[in-house]
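Everything on this sheet refers to the single structure shown next.
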Amino acid sequence: MSIKNKIDSKRNFFEDVFEVVKLIPKGRVTSYGAIARYLGVASSARMVGWAMNASHTEKAVPAHRVVNSQGLLTGKHHFVPPSAMQKNLEKEGVKVVKDKVQDFEKKFWDPAKELL
DNA sequence: AGCTTGACTTTGA
DNA sequence: GTCAAAGCCAAGC
């Protein structure tokens, strides 16, 4: 049974986002829009980010692997400390310069395609 | 029940 | 290349 099936059953926004984010392979990143689209709410990328805000309760959620469409670490300010996000990414092999993921297109992981 | 806010995206100038 | 505006849906007040 795929994760998608589970999500389809629950339709719980936070859990949906959490599950998908947890599936992001190490050393890869994705965007809020990609997750939102995978969940079927493409236009509501903001909701994904917002759901991530609740990820603080779920420690297992690698929110640092989620960036915006430009590969920018827009959510780093929500980390403690903010620099933790970049640090975690670099530790996983993702180079980050000036809050931007290097080789974003290569590192990008689209659940709609990879997790199909 | 209605208004504001938000870790976004896309398009146009 | 940067800046501004609109679209979008859910939670909080």
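Lettering follows sequence order; numbering is per chain, from 1.
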Given A:His64 and A:Glu92, is the side-chain hydrogen bond (donor to acceptor under 3.5 Å, both in side chains) satisfied, shown in steps?
CA-CA 10 Å; A:His64 60 274; A:Glu92 295 181 353; 3.1 Å; yes
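- In this structure, the CD1 atom of A:Ile35 is 18 Å from the P atom of C:dC9, given to the nearest Å.
- Rounded to whole Å, atom P of B:dA7 lies 10 Å from atom NE2 of A:His77.
- Atoms CZ (A:Phe14) and P (C:dC9) sit 16 Å apart, rounded to a whole Å.
- In this structure B:dG12 sits in a base pair with C:dC3, meeting the Watson-Crick or G-U test at under 3.5 Å.
- Across all strands shown, C:dC8 forms no Watson-Crick or G-U wobble pair with both distances under 3.5 Å.
- Between A:Ser44 and B:dC8 there is no side-chain polar atom (N or O) within less than 4.0 angstrom of OP1 or OP2.
- What separates CG of A:Leu72 from P of C:dC3 is a distance of 13 Å, to the nearest Å.
- At least one side-chain nitrogen or oxygen of A:Ser69 sits closer than 4.0 Å to the OP1 or OP2 atom of B:dT9.
- A:Asn53 places its CG atom 12 Å from the C1' atom of C:dG12, with the value rounded to the nearest Å.
- Residue contacts shown for A:His56 include a base, since a base heavy atom lies under 4.0 Å away.
- Residue contacts for A:Ser31: at a heavy-atom cut-off of 4.0 Å it reaches the sugar-phosphate backbone alone, with no base atom in range.
- Base contact: A:Ala63 has a heavy atom under 4.0 Å from a base atom.
- Remark: the backbone N or O of A:Ala34 is paired with a side-chain donor or acceptor of A:Ser31 at under 3.5 angstrom.
- In this structure, CD1 in A:Ile35 is found 11.0 Å from CZ in A:Phe18, a value given to the nearest 0.5 Å.
- Here the closest heavy-atom approach between residue A:Val94 and residue A:Arg28 is recorded as CG2-N, 4.3 Å.
- The residue A:Asn68 sits close only to the backbone: its heavy atoms come under 4.0 Å of sugar-phosphate atoms, none of a base.
- Going from atom NE2 of A:His78 over to atom P of B:dA7 covers 4 Å, rounded to whole Å.
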